[in-house]
Amino acid sequence: MKILLFGATGMIGSRIAAELTGRGHDVTGVSRSGPIQGDMRDAATLAKGYDVVISAIAPARDGTEPEEPFLEAVRALIDGVRAAGVRRLIFVGGAGSLRVAPGLDLVDAPGFPESRRKEALAQRAALRLFREVGDLDWTYVSPAAEVAPGVRTGAYRIGRDDLLSDAEGRSFISAEDFAVAVGDEMERFEHLRRRITVAY
């Protein structure tokens, strides 16, 4: 498949690019510093002719208020993919919107890091935008509470809206295995128009 990947040079995006290329897919990476420069706002022009669009772009982490600029970019991504005639869209979201108790999301739970709160709220708002989209085959993929460079094992669990944790209570996945899960979802089309989460 021909894949357009936004955020291809980031920690998660670079691993998604490597995973999909390793599977034989034709991946074009877009980033602010790469050979093809751009972001989600450029989807209308860049996505034409592709089978799948994947975004691994996170909200700004420069101390500014990220939510409105991020939502503007996500809206442009959705509209741009639509205008380009691409139906399949995979969006790498955040873990903050995952439930940890009835009526309680991780971002609202005691002890959630204040330094990550604005980003998590922006990602939760993006999920709400996606849930209003009925004409694209989108999947919003949330990682575990912790995602970091590690080892590719090919093993993971999939959940829906609840935070997944292991037997010791840790919610973690390596960026490499998160990329495996994104690749599997892209190829299998199993979770259309819904959010999933991936963890060990």
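All residue numbers in this chain count up from 1 along the given sequence. All of these numbers come straight from a predicted model, not from anything done at the bench.
The side-chain contact (heavy atoms from CB on, under 4.5 Å) check on E190 picks up E185, R188, with sequence neighbours excluded. In this structure, the ring-ring contact (aromatic ring centres under 6.0 Å, His included) partners of F91, at least two apart in sequence or on a different chain, are F130, Y140. Among residues two or more places apart in sequence or in another chain, the salt bridge (Lys or Arg N to Asp or Glu O under 4.0 Å) test is passed with R75 by none. Under the rule for a salt bridge (Lys or Arg N to Asp or Glu O under 4.0 Å), R116 has no partner lying at least two apart in sequence or in another chain. For T21, the side-chain contact (heavy atoms from CB on, under 4.5 Å) criterion is met by V27, not counting sequence neighbours. Applying the side-chain contact (heavy atoms from CB on, under 4.5 Å) test to S14 and every residue at least two apart in sequence or in another chain returns nothing. Residues meeting the salt bridge (Lys or Arg N to Asp or Glu O under 4.0 Å) test with E67, sequence neighbours left out: none. Applying the side-chain hydrogen bond (donor to acceptor under 3.5 Å, both in side chains) rule to E187 yields the partners R23, H25; only residues at least two apart in sequence or on another chain are considered. Residues satisfying the side-chain hydrogen bond (donor to acceptor under 3.5 Å, both in side chains) criterion with D26, sequence neighbours excluded, are absent altogether. In this structure, the side-chain hydrogen bond (donor to acceptor under 3.5 Å, both in side chains) partners of S174, at least two apart in sequence or on a different chain, are Y200. Applying the side-chain contact (heavy atoms from CB on, under 4.5 Å) test to E65 and every residue at least two apart in sequence or in another chain returns K118. Partners of R195 under the salt bridge (Lys or Arg N to Asp or Glu O under 4.0 Å) rule, at least two apart in sequence or in another chain, are D161.
Side chain of R87 to main chain of D135: a donor-acceptor pair is present (N/O by atom type, distance under 3.5 Å, no hydrogens or angles). Side chain of W138 to backbone of L192: no donor-acceptor contact under 3.5 angstrom is found. A distance-only check finds no donor-acceptor pair linking the side chain of T64 to the backbone of P66 [under 3.5 Å]. Here the side chain of S31 pairs no donor or acceptor atom with the backbone of T9 at under 3.5 angstrom. A donor-acceptor pair is defined here as one N or O able to donate and one able to accept, closer than 3.5 Å; such a pair exists between the side chain of E176 and the backbone of G150. Between the side chain of R15 and the backbone N or O of M11, at least one donor-acceptor pair lies under 3.5 Å. Side chain of D166 to backbone of G169: a donor-acceptor contact under 3.5 angstrom is found.
Summarising the geometry, atom OG1 belonging to T139 is positioned 8.5 Å from atom CG belonging to L89; distances are rounded to the nearest 0.5 Å.
Judged purely by distance below 3.5 Å, without hydrogens or angles, the side chains of T153 and D177 pair a donor atom with an acceptor atom.
Salt-bridge check for R99 with D162: passed, with a basic side-chain N closer than 4.0 Å to an acidic carboxylate O.
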